[in-house]
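In what follows, chains are A, B, ... by sequence order, proteins preceding strands, each numbered from 1. Below, all heavy atoms of this structure are taken into account, side chains as well, without hydrogens, waters or symmetry copies.
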Protein chains: 2
Amino acid sequence: MPRRSSGRVTLQHIAERVGVTKITVSRALREPHLVSATLQLRIESAIDELGYIPNHSAGALASGRSHSVALLIPSLSNSVFSEIQRGIEEGLSEAGYQVLIGHTGYSILEEERLIDTYLRYGVEALILPGSRHTGHACRLLRQARIPVVETLELTETPLDINVGLDQHQAGKAMTQTFLDQGYRRVGFLGARMDHRAQLRMAGWETAMQQAGLSTERCLTTPHPSSYRLGGEMLASMLDRWPDLEGIFCGNDDLAAGALFECQRRRMNVPDQLALAGFNGLDITEATSPPLATVVTPRRLIGDTIARRLLARLQGAPLQPASEDLGFRIRRGGSL
Amino acid sequence: MPRRSSGRVTLQHIAERVGVTKITVSRALREPHLVSATLQLRIESAIDELGYIPNHSAGALASGRSHSVALLIPSLSNSVFSEIQRGIEEGLSEAGYQVLIGHTGYSILEEERLIDTYLRYGVEALILPGSRHTGHACRLLRQARIPVVETLELTETPLDINVGLDQHQAGKAMTQTFLDQGYRRVGFLGARMDHRAQLRMAGWETAMQQAGLSTERCLTTPHPSSYRLGGEMLASMLDRWPDLEGIFCGNDDLAAGALFECQRRRMNVPDQLALAGFNGLDITEATSPPLATVVTPRRLIGDTIARRLLARLQGAPLQPASEDLGFRIRRGGSL
DNA sequence: GTGAAAGCGCTAACAG
DNA sequence: CTGTTAGCGCTTTCAC
């Protein structure tokens with residue numbers, strides 16, 4: 001009589017039922033070609049009858065492999081990441097990896113906590129949003145000796161794989177589009193102000209300064225962005241700088257919210273005020289007028305991550321390098 | 001010399017460094033009050049120095065407890081679930097549970113696959129969207145003998161905990177609001193047409209039929225909903241039924257997309273066409289006019305799930321029962 | 001093609 | 001407060 005037992009059906013139960021040892025059952029599940037066809041069938045039906053569910057922990061412990069990868073994203077409610085995630089998941093699940101999702105809430109402290117958690121789970125790789133991490137997180141990543149992907153933004157000093165786009169350059173390019181269209185008093189609206197939002201804003205500043213224009217018309221908040229916030233912030237900006245000709249919003253949510261506020265005020269977009277967002281979400285094509293935006297190659301980013309990560313997992317050597325997947329400016333009708 | 005070894009730092013390494021046995025180190029981590037203060041400190045610093053990361057699989061295997069719970073949601077890009085998820089996660093993480101997220105893509109087959117996956121991971125509870133599952137999924141759930149939560153919709157035959165709202169009733173109530181305002185030719189627009197979308201549509205049908213009105217003005221598609229789709233479907237409906245007075249959209253995305261299309265056509269909302277959505281997402285308060293919608297208590301659902309699930313995890317008996325958390329109609333300005 | 005033995009890293013149970 | 005022993009369910013290794 002065992003002293004401890006979970007009561008769950010184990011390999012051993014299947015083995016006894018079939019009249020073999022558990023290693024044969026194990027093989028039947030993992031390397032069917034090494035087991036005779038008759039046995040294979042009898043084992044399958046025993047598994048079915050008894051309702052056997054493999055114990056992942058036991059397998060991972062014995063083999064030292066978890067067949068899982070952690071994907072950290074800043075926020076579950078931001079659809080920017082869902083396409084990236086789709087590409088990653090399709091690529092990795094095909095290769096037998098389970099993708100464990102965590103969300104950092106845009107906090108590198110929370111990211112650190114999640115890295116720790118998932119390293120305990122024995123993930124075989126980590127995919128992180130952004131390139132800024134806490135010191136302890138970096139130490140954990142180094143010690144873990146597993147492939148790491150940093151994504152969304154590019155960094156000069158990648159830990160391993162780095163796939164994304166130049167957020168600063170993109171911010172600058174969109175601002176330049178305003179300038180090319182003849183707009184001069186162009187403001188910037190930013191929310192959350194995570195690292196990428198800061199880079200986009202810096203791109204705006206650079207473009208404005210290079211054109212010899214003022215960068216005073218700028219409003220930011222640490223609060224999460226939302227449609228409502230876009231409207232409120234637009235109102236504040238117009239109060240303060242009634243001479244505004246255009247606003248570059250750090251993301252599409254803010255831009256859409258700003259557009260709605262313009263509609264309420266019966267302000268014509270783009271004649272009275274030009275607007276632009278960032279990311280190229282579905283909503284930018286649906287509004288009236290469609291919103292100008294920086295279209296980011298999210299699906300491509302996801303696919304690329306999957307491809308490069310699989311290569312690393314299959315033994316490709318560590319060669320830290322950045323891959324710039326670019327962006328595209330879409331003028332919509334709001335600019 | 002061990003024959004196999006992962007090379008990772010283990011409890012044993014810490015124990016040797018400190019000069020105790022590994023069980024003491026294990027206790028220092030899990031039940032610090034059972035270990036002397038001096039040892040506690042020395043163990044902590046050894047853990048820090050060597051960079052020890054506990055092996056979750058080993059712990060789970062030995063203790064039979066995974067301290068994790070699976071949360072399945074239909075889609076990562078639908079912000080409807082993010083608030084529910086937040087409530088669940090806050091409540092459970094406080095109690096020491098890790099929440100593993102999976103997304104079913106609105107498919108009960110994929111749900112079945114995920115249930116199987118997470119049962120292998122040894123999750124201590126499962127939170128599922130909806131109350132419809134495959135036969136095999138039900139069998140798996142029964143055999144697992146762990147708490148199960150079915151959410152979003154209510155069911156007569158809950159497997160265990162069921163927290164949500166009456167989607168049919170909500171659809172009916174919103175339709176009744178149209179009728180109360182004097183609208184008669186009220187259509188329905190639905191996308192994806194998962195079970196909840198079907199229930200909402202059935203609510204619309206019931207209300208219309210009870211009022212002796214036609215239910216012909218109805219357009220649905222299996223495609224995922226989006227703003228753009230809302231606009232396109234509105235256009236189709238107006239082509240086919242130019243006499244439409246109002247449209248109840250199965251969700252807020254469609255309603256917003258429909259509103260944008262009205263703006264493009266310079267149709268006044270609600271004078272020429274009344275609109276309503278479902279869920280009460282942020283966007284419904286931001287548009288001009290704000291959209292009528294059925295406000296669902298998502299945060300409350302999440303909190304309630306966490307509370308009731310924790311009770312079950314701490315030993316409360318299985319008492320299958322539904323909890324109806326209701327809904328609220330908000331007229332916005334589009335109805 | 002199948003089996004026996006050992007061990008992955010940790011915790012339960014009992015002892016002192 | 002700390003240690004000893006056994007074992008969780010599986011896979012590796014080596015043997016037949």
**OP:** Measure from CD on B/Gln12 to C1' on D/dG3 and round the result to the nearest Å.
**Re:** 13 Å
Subject >> Length of the CD-P vector between A/Glu16 and C/dG3, whole Å >> reply: 13 Å
Original post:
Do A/Ile53 and B/Leu140 come within less than 4.5 Å of each other through their side chains, counting heavy atoms only?
Top reply: yes
**OP:** Answer with base, sugar-phosphate or nothing: what part of the nucleic acid does B/Gly64 contact at a heavy-atom distance below 4.0 Å?
**Re:** nothing
Subject >> Interatomic distance where CZ belongs to A/Arg42 and P belongs to C/dG1 [whole Å] >> reply: 16 Å
**OP:** Using the side chain to side chain donor-acceptor pair (under 3.5 Å) rule, pick out the option among A/Arg139, A/Glu112, A/Glu150 that qualifies with A/His133.
**Re:** A/Glu150
Original post:
Under 4.0 Å: is that the gap between some side-chain N or O of A/Thr21 and OP1 or OP2 of C/dT2?
Top reply: no
Subject >> Rounded distance in Å - CG (B/Asn55) to P (C/dG7) >> reply: 18 Å
Subject >> Closest nucleotide among D/dT2, D/dT12, C/dC10 to the A/Ile23 side chain >> reply: D/dT12
Original post:
Counting side-chain heavy atoms from CB outward, which of C/dT11, D/dC10, C/dG3 is closest to A/Thr24?
Top reply: C/dG3
Subject >> A/Ala62, nearest nucleotide to its side chain (from C/dG9, C/dT11, D/dT11) >> reply: D/dT11
Subject >> Closest to the B/Thr10 side chain, choosing from D/dT4, D/dC10, C/dC10 >> reply: C/dC10
Subject >> Length of the line joining A/Arg65:CZ and C/dG7:P, which is rounded to integer Å >> reply: 23 Å
Original post:
So do B/Leu114 and B/Thr104 actually touch side chain to side chain, heavy atoms under 4.5 Å?
Top reply: yes
Original post:
Is it true that a side-chain atom of A/Asp160 and a backbone atom of A/Pro320 form a donor plus acceptor pair closer than 3.5 Å?
Top reply: no
Original post:
Is any side-chain N or O of B/Ser63 closer than 4.0 Å to OP1 or OP2 of C/dT11?
Top reply: no
Subject >> A/Arg30 side chain near D/dT12 phosphate (N/O to OP1/OP2, under 4.0 Å) >> reply: yes
Original post:
Hey, does B/Arg27 reach any base, or is it just sugar-phosphate, or nothing, if we go heavy atoms under 4.0 Å?
Top reply: base
**OP:** From the options D/dG3, D/dT11, C/dT11, select the nucleotide whose nearest atom is closest to the side chain of B/Lys22.
**Re:** C/dT11
**OP:** Could you state the atom-to-atom distance from CD1 of A/Ile14 to C1' of D/dC10 in whole Å?
**Re:** 14 Å
Subject >> Closest to side chain of B/Leu39, choosing from D/dT2, D/dC10, C/dT11 >> reply: D/dT2
**OP:** Kindly say whether B/Thr117 contributes a backbone atom to a donor-acceptor pair with the side chain of A/Gln98 at under 3.5 angstrom?
**Re:** no
**OP:** Could you say whether B/Leu34 or A/Val9 is positioned toward the 5' end of DNA chain D, judged by the nucleotide with the nearest heavy atom to each?
**Re:** B/Leu34
Original post:
If only side-chain N and O atoms of B/Ser36 are considered, is one of them under 4.0 Å from the OP1 or OP2 phosphate oxygen of D/dC1?
Top reply: no
**OP:** Look at the rings of B/Phe81 and B/Tyr106 and say which category their plane angle falls in: under 30° parallel, 30 to 60° tilted, over 60° perpendicular.
**Re:** perpendicular
**OP:** Round to the nearest Å and state the distance from A/Leu61 atom CG to D/dG7 atom P.
**Re:** 17 Å
Original post:
How many Å lie between NE2 on A/His33 and P on C/dG1, as a whole number?
Top reply: 10 Å
**OP:** Between C/dT11, D/dT11, C/dG9, spot the one nearest the side chain of B/Leu11, thanks.
**Re:** C/dT11
